[in-house]
K.L.:
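Please read through the structure below; I'll follow up with questions.
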Amino acid sequence: MSESVRIVEVGPRDGLQNESSPIDTVTKVHLIDLLTQAGVGYIEAGSFVSPKAIPQMAGSDEVFDGLSRGRGVVYAALTPNMRGYDQAVASGADEVAVFSAASEAFNQRNINCSIAESLARFEPVMEAAARDQIKVRGYVSCVVGCPYEGAISPEQVRDVSQNLLDMGCYEISLGDTIGIGTPGEVATLLELLTQTIRASQLAVHCHDTYGQALANIYVALEHGIRIIDSSVAGLGGCPYADGATGNVASEDVVYMLHGLGYETGIDLDQLIDAGNFISEALDRDNNSRAANAISGKRSGS
Ligand code: HMG
Ligand code: MG
C-alpha cells in the first residue's frame with residue numbers, strides 16, 4: 001500500500017486574503033465546492049479576524065454558510081482570539097487554527113502583540129475548544145526568516161511550537177511566510193524539531209517567493225512529514241510580508257506527490273479546474289506550472 005499525504009488547502013484563506021480587489025461570496029464558495037469535488041480533504045475556508053486588518057476575509061460566516069460539505073471533509077478557519085473562535089464555531093467551522101510566529105517583530109505587525117501575549121490570548125480559545133471538542137491547529141510563521149528580523153533561530157521555532165503543542169494544538173504548521181528558506185536550512189530546522197516533536201504533528205507551509213517550496217517540501221517528506229499546506233493556483237501572499245508570493249501551488253505539490261507514489265485522495269484534473277476557475281475569476285495568471293502544462297496539453301497548444 002502506498003503512503004498517503006494530507007494536503008491542507010489554504011487557497012480560500014491564505015490565497016484570497018491577499019487579493020487587492022474584493023471577491024464576492026459566491027466566487028469563494030464556488031472555489032471551495034470545486035476543491036471539495038476534487039477530493040481535497042482539508043480546506044481552510046476563511047478567517048475570523050479584524051475586517052480592518054484583512055478586508056477580504058470579512059463575510060467568512062457567509063462562506064461557511066454557503067459551502068456544500070463533502071463527506072469527511074474538514075472546513076477550518078483562522079481564529080486569533082475568543083471573538084474569532086466564537087464566530088467560527090457559530091458559523092460551523094469544523095476546526096480552528098491559532099497563529100503566532102517565531103519572530104517578535106512579525107507577530108507585532110500581524111496580530112499586534114508579542115509572542116508571549118499571543119499565547120496568552122490563545123489560552124481561552126484552547127479551553128473553549130477543548131470544551132467544544134474542536135481541534136485546534138497551530139501556525140508558527142517566519143520559521144526560517146522574517147521580513148523585519150532576518151534570520152530566525154531553529155531553537156526559537158522549536159520553543160514556540162512546543163508551547164502551542166503544550167497548550168493543546170494537535171499539529172503545528174511551520175510557515176516559511178516569505179518563502180526564503182533553502183533545503184539545507186529546512187533540513188537543519190526539521191532535524192532539531194523532530195528530536196522532540198513527532199513528525200506526525202508537523203506540517204510545512206511554504207510560500208514560494210524564491211522558488212524553493214517544492215525542494216523544501218521534498219526535504220520535509222524525507223524527515224517524515226506527511227502534512228503539506230498549499231494553495232490552489234499558487235494564490236496568495238502575506239499582507240504583513242511585502243513581496244511574499246503565494247503558497248506553493250497545490251497542483252504542483254499533488255503532481256510531485258503522485259509522481260513519488262504518495263496518495264492524496266485528490267483528482268489532479270479536477271484540482272486544475274478549480275485553479276483555472278479562480279484564476280479566471282480574479283483575472284490573473286495561474287501560478288501553477290503543472291496546471292499550466294496540463295491545461296496546455298488539454299487544449300492541444
Ligand atoms: P488588536 O488591535 O490587538 O485587538 O488586533 P483589539 O481587540 O483591540 O481589536 C482591534 C479591532 O479589531 C477592534 O475593532 C475589534 O473589534 C476588532 P475596532 O474597534 O478597531 O473597530 N476585532 C475583531 N473583528 C473581527 N473578528 C475578530 C476580532 N478581534 C478583534 N476576531 C487582531 C488583534 C488579531 C484582532 C488583529 O491584529 C487582526 O485581526 N489581525 C489579522 C491578522 C491576520 O489575519 N493575518 C493574516 C493571517 S496570518 C498568515 O497569513 C500567516 C499564515 O499563513 C502562516 C504563514 O504563512 O506563515 C497563517
Ligand atoms: Mg501563509
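Counting starts at 1 for both ligands and their atoms, in listed order.
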K.L.:
In the structure I gave you, are the side-chain heavy atoms of Pro80 and Tyr85 within less than 4.5 Å of one another anywhere?
P.N.:
no

K.L.:
Would the number of heavy atoms belonging to other residues, nucleotides or ligands and lying under 6.0 Å from OH of Tyr170 be above 12?
P.N.:
yes

K.L.:
Pick one: which of Ser141, Ser118, Ser161 meets side-chain hydrogen bond (donor to acceptor under 3.5 Å, both in side chains) with Ser100?
P.N.:
Ser118

K.L.:
Considering the heavy atoms of Ser141, write down every atom of ligand 1 situated less than 4.0 Å from one of them.
P.N.:
51 (C), 54 (C), 55 (C), 57 (O)

K.L.:
On a heavy-atom basis, I'd like to know which of Ala53, Ser60, Ser47 is closest to atom 38 (C) of ligand 1.
P.N.:
Ala53

K.L.:
Is it true that the side chains of Tyr42 and Glu95 contain a donor and an acceptor less than 3.5 Å apart?
P.N.:
yes

K.L.:
Roughly how far, to the nearest 0.5 Å, is the CG atom of Asn163 from the CZ atom of Arg158?
P.N.:
11.0 Å

K.L.:
I'd like to know if the Mg ion (ligand 2) has an N/O/S atom from Asp229 within less than 2.8 Å of it, counting both backbone and side-chain atoms.
P.N.:
no

K.L.:
Got a sec: does the CZ of Phe277 have more than 12 other heavy atoms crowding it under 6.0 Å?
P.N.:
yes

K.L.:
Report, in ascending order of atom number, the atoms of ligand 1 lying under 4.0 Å from any heavy atom of Leu78.
P.N.:
47 (C)

K.L.:
What is the distance from atom CE of Met126 to atom CG of Asp166, rounded to the nearest 0.5 Å?
P.N.:
10.5 Å

K.L.:
With respect to atom 26 (N) of ligand 1, which of Asn112, Val49, Asn247 exhibits the smallest heavy-atom separation?
P.N.:
Val49

K.L.:
List ligand 1 atoms under 4.0 Å from His207, heavy atoms only on the residue side.
P.N.:
56 (O)

K.L.:
So, 4.0 Å and heavy atoms of Met57: is ligand 1 close enough to count as a contact?
P.N.:
no

K.L.:
What do you reckon, is OH of Tyr262 surrounded by more than 12 foreign heavy atoms closer than 6.0 Å?
P.N.:
yes

K.L.:
Determine whether Val157 and Val144 make a side-chain contact, defined as any pair of heavy atoms from C-beta on separated by less than 4.5 Å.
P.N.:
no

K.L.:
If you count the atoms of ligand 1 from 1 in the order shown, which ones are under 4.0 Å from a heavy atom of Pro80?
P.N.:
34 (C)

K.L.:
Can you list the ligand 1 atoms lying under 4.0 Å from a non-hydrogen atom of Asp14?
P.N.:
50 (O), 53 (O)

K.L.:
Out of all atoms in ligand 1, which are within 4.0 Å of some heavy atom of Gly84? Include the element for each.
P.N.:
31 (N)

K.L.:
Pro51 near ligand 1, heavy-atom distance under 4.0 Å?
P.N.:
yes

K.L.:
Quick one: report the N, O or S atom of His207 that is nearest to the Mg ion (ligand 2).
P.N.:
NE2

K.L.:
Any idea which part of Arg137 is under 4.0 Å from ligand 1, heavy-atom wise: side chain, backbone, both or neither?
P.N.:
neither

K.L.:
May I ask whether Met82 places a heavy atom under 4.0 Å from ligand 1?
P.N.:
no

K.L.:
Out of all atoms in ligand 1, which are within 4.0 Å of some heavy atom of Ile54? Include the element for each.
P.N.:
41 (C), 43 (C), 44 (O), 45 (N), 46 (C)

K.L.:
Using the rule side-chain contact (heavy atoms from CB on, under 4.5 Å), only one of Leu193, Leu202, Leu190 pairs with His223; which is it?
P.N.:
Leu190

K.L.:
Just by distance, no angles: are the side chains of His205 and Asp176 close enough, under 3.5 Å, to form a donor-acceptor pair?
P.N.:
no

K.L.:
Report yes if some N/O of Tyr139 lies less than 3.5 Å from some N/O of ligand 1; otherwise report no.
P.N.:
no

K.L.:
Would you say the side chain of Ser114 lies within less than 4.5 Å of the side chain of Gln108, judging by non-hydrogen atoms?
P.N.:
yes

K.L.:
Check Asp14 and report its N/O/S atom nearest to the Mg ion (ligand 2), by atom name.
P.N.:
OD2

K.L.:
Looking at ligand 1, does any of its N/O atoms fall within less than 3.5 Å of an N/O of Asp176?
P.N.:
no

K.L.:
Can you list the atoms of ligand 1 that are under 4.0 Å from a heavy atom of Phe48?
P.N.:
26 (N), 27 (C), 31 (N)

K.L.:
I'd like the name of whichever of Arg13, His205, Gln56 reaches closest to atom 49 (C) of ligand 1 through any heavy atom.
P.N.:
Arg13

